[in-house]
2 protein chains.
Amino acid sequence: MTEHFDGQEAWAAALRAHGRRVTKQRLAVLAAVDRHPHSPAESILAAARTELPELTAQSVYVVLGDLTDLHMLRRFEPPHSPALYETRVGDNHHHAICISCGRVEDVDCAVGHAPCLTPHWNPDAKPMTIQIADVMYQGICQDCQRAQQLPPQSSLTRNKEIGEQ
Amino acid sequence: MTEHFDGQEAWAAALRAHGRRVTKQRLAVLAAVDRHPHSPAESILAAARTELPELTAQSVYVVLGDLTDLHMLRRFEPPHSPALYETRVGDNHHHAICISCGRVEDVDCAVGHAPCLTPHWNPDAKPMTIQIADVMYQGICQDCQRAQQLPPQSSLTRNKEIGEQ
DNA sequence: CACTTATTATTAGTAAGTCACAATAAGGCG
DNA sequence: CGCCTTATTGTGACTTACTAATAATAAGTG
């Protein structure tokens, strides 16, 4: 529980540092995202409500959006999935998504520290000033691979569980 | 117009090769995506209707989904944008998106031929079998940069035009 | 403690699709 | 060529994930 308290204090300090008021809603959302990385807004709402039952969905959307703008949270949108959130920010790590079960794994930067930040522009393209390079690896995780080999049944057994690391 | 005909024939052949029937709806969608790369379903519908006015939105969604599964089209979802489609498939090129105006540019592979296909897994992660690595560069394009410097007004002039290369 | 205004709750509304099923039309066959 | 099967498209209802407008609440300041 000391850990929980420490976390609260750390989040509170970060909020103040960004000129934001420290509210129980923000703390509950931050704690929920921290405990359930790669979760969508709906799961975050459910998780946060265990400690703050009166929290509303709209507040979660507002808080997630604001904290993402502040870079206290990071948001990414895997294909065919609602947006997912995590507290791991600042490093430019990437994500691998299983196209069969939706599982998400963190992947560290492939090439040194700031890797993919230098796109190779086509001759006729007007280069942009790049700020982020999000790499989304898509593949099949070990469990799904095994599951596909054993039962020679429907090859489209794509389950819908997404989020919840 | 010969070019148009050739395109039709090529698409028709590809459809047959995939065991699909050749319909005017599919040809209209393919032609529309080809002429307007990086476009959302709604724009594709509008473009395709210039040559096939009775085409419906649902057909466009069905066709886009099916052709994407066949890898005749490629689909990607920039943050805060509906899914975009393009006919350039087979090479693993990537995309740069202007976070101000939504413009999308193609970017060739950064490191040789199949670059980012080798993620650096964390020690405790169960590696997946990677099939695609989608890199999404996000930055500010030259036009928007210029526009932001001249008028010292709202810094949040994010316009909504997306797609339509 | 009061007061200002950021933050949250309430309610309604939208964008971007998906789903179920009836109508149509490709492509194979006689 | 014309029929027949079934893939494909059209019609209409519905859903998911999220945004917008405004009223109620509560942080933080003096």
Please write out each protein N/O paired with an N/O of nucleotides 25-27 of chain D under 3.5 Å, distance rounded to 0.1 Å.
unit_1 : atom_1 : unit_2  : atom_2 : d
D:dA27 : N3     : A:Arg21 : NH1    : 3.1

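One interatomic measurement links the two molecules: CD of A:Glu77 to C1' of C:dA15, which rounds to 13 Å at whole-angstrom precision. Taking atom NE2 of B:His18 as the reference point, atom P of C:dG27 lies 15 Å away to the nearest angstrom. Taking atom CG of residue A:Leu70 and atom C1' of nucleotide C:dA6, one finds them 13 Å apart after rounding to whole Å. Per the geometry, CG belonging to A:Leu15 stands 16 Å off P belonging to C:dA6, to the nearest Å. Rounding to whole angstrom units, CZ of residue A:Arg16 and P of D:dG28 are separated by 6 Å. In this structure, B:Arg49 places its CZ atom 14 Å from P of D:dT9, rounding to the nearest Å. Remark: C1' of C:dA16 and CD1 of B:Ile44 are 13 Å apart, rounded to the nearest angstrom. Note: CD (A:Glu54) to P (D:dA24) measures 19 Å, nearest angstrom.
Looking only at atom types and distance, the side chain of B:Asp108 has no donor-acceptor partner in the side chain of B:His94 under 3.5 Å away. Looking at A:His36 and A:Glu86, their side chains never bring a donor and an acceptor atom within 3.5 Å of each other.
Note on A:Leu70 and A:Val63: same hydrophobic cluster, where clusters join Ile, Leu, Val, Met, Phe, Trp and Tyr whose side-chain heavy atoms are under 4.5 Å apart, directly or indirectly.
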Inset, instruction - Test B:Tyr137 against B:His95 for ring pair (Phe, Tyr, Trp, His ring centres under 6.0 Å), laying out the working first. - result: CA-CA 6 Å; B:Tyr137 298 95; B:His95 297 104; 9.7 Å; no

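The stretch residues 57-67 of chain A comes close to DNA chain C through A:Gln58, A:Ser59, A:Val63, each having a heavy atom under 4.0 Å from the strand.
A:Ala83 comes within contact range of the sugar-phosphate backbone alone, with a heavy-atom separation under 4.0 Å but no base atom that close.
In terms of position along DNA chain C, the nucleotide closest to A:Leu52 lies nearer the 5' end than the nucleotide closest to the other residue of the pair B:Glu42 and A:Leu52. For the pair A:Arg20 and B:Ala41, both in contact range of DNA chain C, the more 5′-proximal nearest nucleotide belongs to A:Arg20.
Electrostatic pairing of B:Asp134 and B:Arg74 counts as a salt bridge here, judged by a charged N lying under 4.0 Å from a carboxylate O.
When all heavy atoms of A:Leu30 and A:Thr87 are compared, the closest pair comes out as O-CG2, 4.1 Å.
Considering NE2 of A:His38 and OG of A:Ser43, their distance stands at 13.0 Å, rounded to 0.5 Å. Going from atom CZ of A:Arg75 over to atom CG of A:Asp69 covers 9.5 Å, rounded to the nearest 0.5 Å.
Within a 6.0 Å sphere centred on CD of B:Gln142, heavy atoms belonging to other residues, nucleotides or ligands number more than 12.
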